[in-house]
Amino acid sequence: MSPASRPRLAVIHTGGTIASRPDPGGAGLTPQQRPQLADLRTHSGELAAVDDLQPFNLPSPHITPAHMEVLRRLTEEQAAAGACGVVLTHGTDTLEETAFYLHLTLQTPVGVVLTGSMRHAAQASADGPGNLEDAAQVALHPGTRGRGPLVVFGGEIYDARTVTKVHTTAVDAFGGYPGPIGRIDHGPHGAALHYFARPERRPVYRPAHVNARVEILYAYAGWRGEGYAEAAARADGLVIAALGTGNLSAELLPLIGATRQPVIIATRTHAGPVLPVYGYPGGGATLLRAGAIPASFLNAHKARILLIVLLGMGLGRNEIAGVFGGGAF
Ligand code: ASP
């Protein structure tokens, strides 16, 4: 097969541990290189052509929504230019936020897969090469088309909407309720890909900007709203990682009631919905009556990404409540 007719994979490198090595001066790990794919054969045995791109090379704690929007544009450009699949390598710390931003905004049927690594490239047990190979196979597989952006890590395939980082150091660093939607393994005849579920269809959002300032407040036993007024004074919207099904202490009720910006109630609990059921002051039902918006199943940092997108489209409080309440994400 001539190079021109080979299936083309675009790999967009952004940094993270998968691109890191120990700094020669002893300062710790820093992104320094691009992870490289060895010869890549698709599931049907064709040799793929790989194009590497690197819009930036950052540790993922330095990634902002503006970087995510750059990745959205670049991914769509690559798909429009004929790529059969797109892989994004990314630091694991904020990988789920970028994945969710792409889930909300990306418009392409092409397979798009994010991956990273927990161990750096100079370690004997580096997991980057395997994750990258898996991500490439998944992105190019015809069964991936139309599923929206996915995360591949440790052989598991995750929906961008539900995936979350669950361990700070383990190689199986990703999980999230209700778990993977597929798996990739390596059998005697190459990659064996199995899907168990299809991500929900969702609308594609096109924010005019991603500059909305949305802050997250984290609830704890005894929190009486310290820091709330300061955050509300400067933010365009707030997300609270609240307790259990979305409850807070009584002191938060009047504060939320007096806030004109959207206030989203997520939960600091690792799985399950926000359900406004409790009627004591500060209980979820009272917060809802005071105007707070439940985040459904989204964790606080994904609820923040959705709110940034919706504010960037100029939506008002009621429309925002409709998106969160209707599960349109
Ligand atoms: N620990 C992170 C990683 O896995 C660092 C980062 O997110 O850039 O890549």
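For ligands, and for the atoms within them, numbers begin at 1 and follow the listed sequence. Excluded from the calculations below are hydrogen atoms, water molecules and symmetry mates; all remaining heavy atoms, backbone and side chain alike, are included.
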Present, as a list of atom pairs with distances to 0.1 Å, all nitrogen or oxygen contacts under 3.5 Å between ligand 1 and the protein.
| from | atom 1 | to | atom 2 | distance (Å) |
| --- | --- | --- | --- | --- |
| ligand 1 | 1 (N) | D93 | OD1 | 3.3 |
| ligand 1 | 4 (O) | T17 | OG1 | 3.1 |
| ligand 1 | 4 (O) | T92 | N | 3.3 |
| ligand 1 | 4 (O) | T92 | OG1 | 2.4 |
| ligand 1 | 4 (O) | S117 | O | 3.1 |
| ligand 1 | 7 (O) | S60 | OG | 2.5 |
| ligand 1 | 7 (O) | T92 | N | 3.1 |
| ligand 1 | 7 (O) | D93 | N | 3.0 |
| ligand 1 | 8 (O) | S60 | N | 2.6 |
| ligand 1 | 9 (O) | T17 | N | 2.7 |
| ligand 1 | 9 (O) | T17 | OG1 | 2.9 |
| ligand 1 | 9 (O) | T92 | N | 3.1 |

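- The side-chain tip of R72 does not point at the ring of Y101 from less than 6.0 angstrom away and within 45° of straight on.
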_Pair F56, H67 - check ring-ring contact (aromatic ring centres under 6.0 Å, His included), show working._
CA-CA 9 Å; F56 42 81; H67 294 107; 4.7 Å; yes
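- Here the rule is side chain to side chain contact (heavy atoms under 4.5 Å, CB included) with F324, and of I293, I265, V274 only I293 fits it.
- Residues D52 and H13 have side chains that bring a donor and an acceptor to within less than 3.5 angstrom of each other.
- The main-chain N or O of R119 is found under 3.5 Å from a side-chain atom of D127 such that the two form a donor-acceptor pair.
- Grouped with L243 in a hydrophobic cluster is no other residue, since no side-chain heavy-atom contact under 4.5 Å to another Ile, Leu, Val, Met, Phe, Trp or Tyr is found.
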